[in-house]
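In what follows, a single structure is set out as structure tokens and then discussed.
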Amino acid sequence: MTTWDTDLGRVLGAKTGKALESALGLVSVGDLLRHYPRRYAERGELTAIAGLEIDEHATVLAKVDRVSKRSMRARRGTIVEARITDGHRSLLCTFFNQAWRERELVAGRRGMFAGKVTSYRGNLQLAHPEYQLFTEDADVSSVAEDFAGALLPVYPSAQGLPSWSIARCVRQVLEVWDGMQDPLPDELRRRHGLTGLEDALRKIHQPQDHGEVQAAQERLKWDEALAVQLVLAQSRSAAEEHPAPSAPLREDGLLAAFDERIPFSLTAGQREIGERIAADLAAEHPMNRLVQGEVGSGKTVVALRAMLQVVDSGRQAAMLAPTEVLAAQHARSLAELLGELGRAGELDGAATATRIALLTGSLPAAQRKQALLDAASGAAGIVVGTHALIQDRVGFAELGLVVVDEQHRFGVEQRDALRGRAGDGVSPHVLVMTATPIPRTVAMTVYGDLQTSALRELPQGRSPISTSVVPAAEKPGWLDRAWQRVREEVAAGHQVYVVCPRIGDEESKPAASRGKRGSDVDETEEVDTEDAGADGDDGRRQPVSVLDVAEQLRTGPLSGLRLGVLHGRLPAEDKDAVMRAFAAGEVDVLVATTVVEVGVNVPNATAMVIMDADRFGVSQLHQLRGRVGRGSAPGLCLLVTAIPAGTTTRERLDAVASTTDGFELARLDLQLRREGDVLGASQSGRRSGLKMLSLLRDEDVIAEARAEAESVVAGDPQLGAHPGLARMVAEVVAEDRAGYLEKS
Ligand code: ADP
Ligand code: MG
């Protein structure tokens, strides 16, 4: 029997088996059958050379253009150079001391050439190429056989294992493979019009036409989507089994008292999500909810109302923020919103009042001790902090709810670490808030263990933000004009942010983002841009720094204005003092790193100048500019860049300038980023096992698979009655483990 698990060596011989394992990590028949072709070549069609990427191991169908032989001067020997072409561009193949190649590589002959694509003096080369030429009179050569079908599969290949060798291995395996049982129930397959798995696997490797490729891809995508969604549905259903502290609404509690004194009326979205959260919190099982809300949509109030409901039930709420600046600001604005309701034990505290404790890594010892005490005794109903809240052994009297603000800075592991904090096998409720809109497909996969709701509308009376790109290299005059605008804003009584990618107190070290889980220092420092270097920026100058820019502005275009400096390496008290001064209007212009990116709220700030804006990612820029336009005056955001027009990087900046719809931008960001990054360890802690499924293009499949998984798991949580599906899940889980192992 040749089954899915049969060793490749047994089918193909030990030598070939070893080659497949060492070059591509393929061990079993199943591994090889899951090694899908990257694309398909048609008979007579040449591969577009312009589409190749440097350093890629590529297989191209090309025609020999001309061949030359010369002798090497330094050493004795010959070089044969063959120029191959797709009719438009050409590639150079070089062979050392293989003079006979000249006779074989006759101009006009076609064949497949494989090798690593390199660039030498502006010419594209194939290094150490391997090739197979097509015979004009279709005799029984192996290439003619490869072309038996009209479409020739082109595989991801490796040195020593060109595409055509892989194709031959696949052919041999398919000849002896005894097939497999379909893991999908027949009924489900029929309902979605999916072909059988064995059929799909055979056709993906040996299609007769494009229709067959498509049918096969459809089925294979479905399997991937369904497997992931089954895992997520199981995880949701397991979480629901856990007991959680139920916190029913009270009519006479803090929340009710707070609702009486909110200075504005809630937006429809805030009210609707609030009701949903209230119901979640009253349940016996933990809430796991993600609220995505546009920048400035008022998520803090939503979180506060949830926290009060939990405090009303005699438990505590913890709120995690990504930076010290933000934690401090949250503690301040919560205290402001609560007023006397947040001053328990103080003279003017209300009878029902609670207390807010701020707990960060760099608090002075005495304050820290008090905060720890308040958390442990339960005196503080609300504890606000940074990572320190999870890292240190902060004890809570009775934790009922964890709010994680600005989720994109937290990993899944950190979310999980908090869940273990309620004690006694009880999980606290978890509310995750993010201002980075997440495309639906990503929400359904990466955050698939959370229920999600979106807050799209902004409170009334917000002013529009207009954004422009300032091309400092092409139009230096525009930058002068930008500083003039800053002066005008200040003259009108407003305040301005100037954001730089770098602090500038370090010795010139390569700009790199720091570890996420390290210290309690604001980790948004330095070039934290996901895509600094996206343009292969060898030799690109260092981005400008806060300290340099502040100095230049002070003595130059902004002289006479009150400038403040803010970055993550300032001592905590200084940071706090600067932020306070800026909030109080005692600083006109705040020159800062991305510490101001998330959540900072100073409504009188109306303009932002982002220096070397190309160093930031799309969503980061969107976040940053969300700091302005929070009051009644219109906001202005200037994206300063030295990158020339016509590049992808400039396109990205133009896109940010063209819309303030975060959801639209998120979609764009997803398009510009490589998909691997979306599902990559950085965001999900999980390696992507997706080969066929695309988060960009396959929204329908993902949504259908999700619904299907939901209903299967609802009726059969352990999948005991669905052995095929259970096997698919086991595969995903096994791959997950491999991912974790690799990481540690
Ligand atoms: P974000 O969603 O970006 O975290 P915040 O919660 O910081 O936004 O809210 C931004 C500002 O809007 C705050 O000053 C807050 O008090 C105010 N705000 C929130 N909800 C409303 C509302 N319904 N009406 C008016 N202002 C509101
Ligand atoms: Mg916020």
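Keep in mind that what you see is a predicted model, and the values were worked out from it rather than measured. Read the numbers this way: they start at 1 and go in the same order the structure lists the ligands and their atoms. The residues of the chain are indexed from 1 along the displayed sequence.
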*If you count the atoms of ligand 1 from 1 in the order shown, which ones are under 4.0 Å from a heavy atom of Ser265?*
22 (C), 23 (N), 24 (N)
*With side chain to side chain contact (heavy atoms under 4.5 Å, CB included) as the test, would you mind laying out the steps for Gln370 and Asp374 before giving the verdict?*
CA-CA 6 Å; Gln370 186 60 49; Asp374 284 351; 3.1 Å; yes
_Under-4.0 Å salt bridge between Asp259 and Arg305_ = yes
*Considering only heavy atoms of Thr300, which atoms of ligand 1 have at least one such atom less than 4.0 Å away?*
4 (O), 5 (P), 6 (O), 7 (O)
*Looking only at distances, please establish whether an N/O atom of ligand 1 is found under 3.5 Å from an N/O atom of Leu266.*
no
*Using a strict cut-off of 4.0 Å, indicate which atoms of ligand 1 neighbour a heavy atom of Thr267.*
23 (N)
_Tell me whether Arg343 at atom CZ has more than 12 heavy atoms from other residues, nucleotides or ligands lying less than 6.0 Å away._
yes
*Which segment of Gln270 sits under 4.0 Å of ligand 1 when only heavy atoms are counted*: side chain
*In this structure, which one of Thr593, Val578, Asp574, Val591 forms a side chain to side chain contact (heavy atoms under 4.5 Å, CB included) with His567?*
Thr593
*asked:* Go through it in stages, so that I can follow the logic: the residues are Leu304 and Met307, the test is side chain to side chain contact (heavy atoms under 4.5 Å, CB included), and I'd like the CA-CA distance, side-chain angles, deciding distance and then a yes or no.
replied: CA-CA 5 Å; Leu304 177 56; Met307 293 195 282; 4.2 Å; yes
*Does ligand 1 have any atom sitting under 4.0 Å from a heavy atom of Gly293?*
no
